[in-house]
2 protein chains.
Amino acid sequence: MPSKLSRKELTQCADCACFNIRKASRAVTAVYEERLHETGLRGTQFTLLVMIAANEPITISHLAEKLVMDRTTLTRNLRPLEKQELVDVVQGEDRRTRAVRLSKSGHKSLAEALPLWKKAQKKVVSFMGEEQMTDLLDKLHTLEKITGI
Amino acid sequence: MPSKLSRKELTQCADCACFNIRKASRAVTAVYEERLHETGLRGTQFTLLVMIAANEPITISHLAEKLVMDRTTLTRNLRPLEKQELVDVVQGEDRRTRAVRLSKSGHKSLAEALPLWKKAQKKVVSFMGEEQMTDLLDKLHTLEKITGI
DNA sequence: CTGCAATAGGTGTATATACTCCCATTGCAG
DNA sequence: CTGCAATGGGAGTATATACACCTATTGCAG
């Protein structure tokens with residue numbers, strides 16, 4: 001009875017939101033990583049540096065919330081940045097918390113990476129068209145709020 | 001000179017396509033994984049089963065191309081599915097190639113997972129609205145073509 | 001036929017992601 | 001003050017992702 005899926009069902013699955021957003025995500029990520037490569041930063045790492053710079057000092061959980069990322073994922077993603085001494089993670093006032101900050105070196109790396117990020121961003125915006133891009137970002141912002149519904 | 005980024009620059013970075021699509025990707029993936037959890041399949045694994053079912057038998061490289069995924073990533077993603085005996089990977093005619101197919105068990109798992117995938121898909125489509133969703137998928141399809149430009 | 005470039009694929013390594021379970025600290029009910 | 005739930009965070013485990021480098025097979029120029 002539960003034999004093979006019909007052609008129609010398989011076609012339906014091609015519109016899977018999860019599949020399509022992950023697929024596009026891989027393609028877009030590749031653009032940024034290519035440009036950022038010479039800085040030694042990955043796309044995600046650039047994002048982390050930006051988010052920390054904009055909010056420092058910030059606790060792990062608060063940062064994870066802003067990133068719509070699991071707390072434990074963030075802990076792991078910070079590891080390489082700590083190793084490269086781009087971020088400092090120290091004990092907070094509430095001794096349960098840890099305060100994340102950019103080091104001087106982290107600010108420097110971020111500043112150096114910015115023009116390369118701009119190139120990647122420009123490439124994607126040019127490719128999509130400015131209006132289309134704005135609309136896409138709107139939809140992505142909507143989607144990220146689906147968590148917890 | 002390369003000191004801290006200005007408030008304006010940090011604000012600009014908030015529109016990073018890479019950051020935003022990955023963030024939304026995490027949120028959307030969570031919806032599908034929650035629904036698929038009882039099947040023992042991850043979102044990506046469901047996608048893989050669908051793609052294989054629609055194209056079997058198919059070589060690693062051809063499948064990777066359809067998925068806009070690195071060839072070696074696909075090899076690794078197939079590993080857990082092989083272990084669960086949901087897919088068979090055998091030597092192709094051209095002995096350099098490997099032919100990927102669903103096992104009987106794989107077809108069964110896929111058929112059982114389909115209604116749960118439909119629930120997840122419906123949740124996302126309801127959340128976004130049907131027209132918005134169609135438009136989003138269009139944009140994602142455009143984006144995935146940025147690779148290699 | 002031989003040598004070699006092209007093709008198909010895997011391994012080592014590193015990061016990204018999140019779940020489950022665990023520990024430390026805090027704050028509050030009693 | 002004490003006991004305990006709530007909060008903040010890490011470790012173990014498993015999957016997802018891709019780059020650099022390696023091996024095996026094929027096919028073709030000569």
Under 4.0 angstrom, heavy atoms only, what part of the nucleic acid is [X] near: base, sugar-phosphate, or nothing?
X	result
A/Thr29	nothing
A/Gln45	sugar-phosphate
A/Thr72	base

(message) Which nucleotide wins on minimum distance to the side chain of B/Asp94, given the candidates D/dT25, D/dT17, C/dG9?
(response) D/dT25

(message) Looking at B/Arg76 and C/dT13, is any side-chain donor or acceptor paired with a base atom of the opposite kind under 3.5 Å?
(response) yes

(request) Examine the base of C/dA18 for any acceptor or donor lying under 3.5 Å from a partner atom in the side chain of A/Thr73, and report the outcome as yes or no. (result) yes

(message) Taking the nucleotide of DNA chain C with the nearest heavy atom to each, does A/Glu93 or A/Asp70 sit closer to the 5' end?
(response) A/Asp70

Phosphate OP1/OP2 of [N] contacted by [X] side-chain N/O (<4.0 Å):
X	N	result
B/Asn77	D/dT17	yes
B/Arg79	C/dG10	no
B/Arg96	C/dG10	no
B/Ser61	C/dG9	yes
A/Arg42	C/dT15	no
A/Arg95	C/dT26	yes

Nearest-angstrom distance from the residue atom [atom1] of [X] to [atom2] of [N]:
X	N	atom1	atom2	value
B/Glu34	C/dA18	CD	P	14 Å
B/Leu78	D/dA16	CG	P	10 Å
A/Glu65	D/dG9	CD	P	11 Å
A/Leu81	C/dA14	CG	P	16 Å
A/Arg22	D/dA18	CZ	C1'	14 Å
A/His62	D/dG8	NE2	P	6 Å
A/Met69	C/dA16	CE	P	8 Å
B/His37	C/dC19	NE2	P	9 Å

(request) Answer yes or no: are there more than 12 heavy-atom neighbours, outside A/Glu82 itself, under 6.0 Å from its atom CD? (result) yes

(request) Ignoring hydrogens and angles, state whether a donor on the side chain of B/Glu56 or B/His107 is under 3.5 Å from an acceptor on the partner side chain. (result) yes

(message) Taking pairing as Watson-Crick or G-U wobble with both contacts under 3.5 Å, can you name the mate of D/dA24, or confirm there isn't one?
(response)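 Base-paired to C/dT7.
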
What's the shortest heavy-atom distance between [X] and [Y], and which atoms?
X	Y	value
A/Arg98	A/Val89	CZ-CG1, 3.4 Å
B/Arg26	A/Val68	NE-O, 2.9 Å
A/Ala111	B/Leu5	CA-CD1, 3.5 Å

(request) List the steps and the verdict of side-chain contact (heavy atoms from CB on, under 4.5 Å) for A/Leu48 and A/Asn77. (result) CA-CA 8 Å; A/Leu48 275 185; A/Asn77 288 357; 3.8 Å; yes

(request) Let me know, please, whether B/Pro80 or A/Thr97 comes out on the 5' side of the other along DNA chain D by nearest nucleotide. (result) A/Thr97

(message) On DNA chain D, does the nearest nucleotide to B/Arg71 precede the nearest nucleotide to B/Gln84 from the 5' side, or the other way round? Give the residue.
(response) B/Gln84

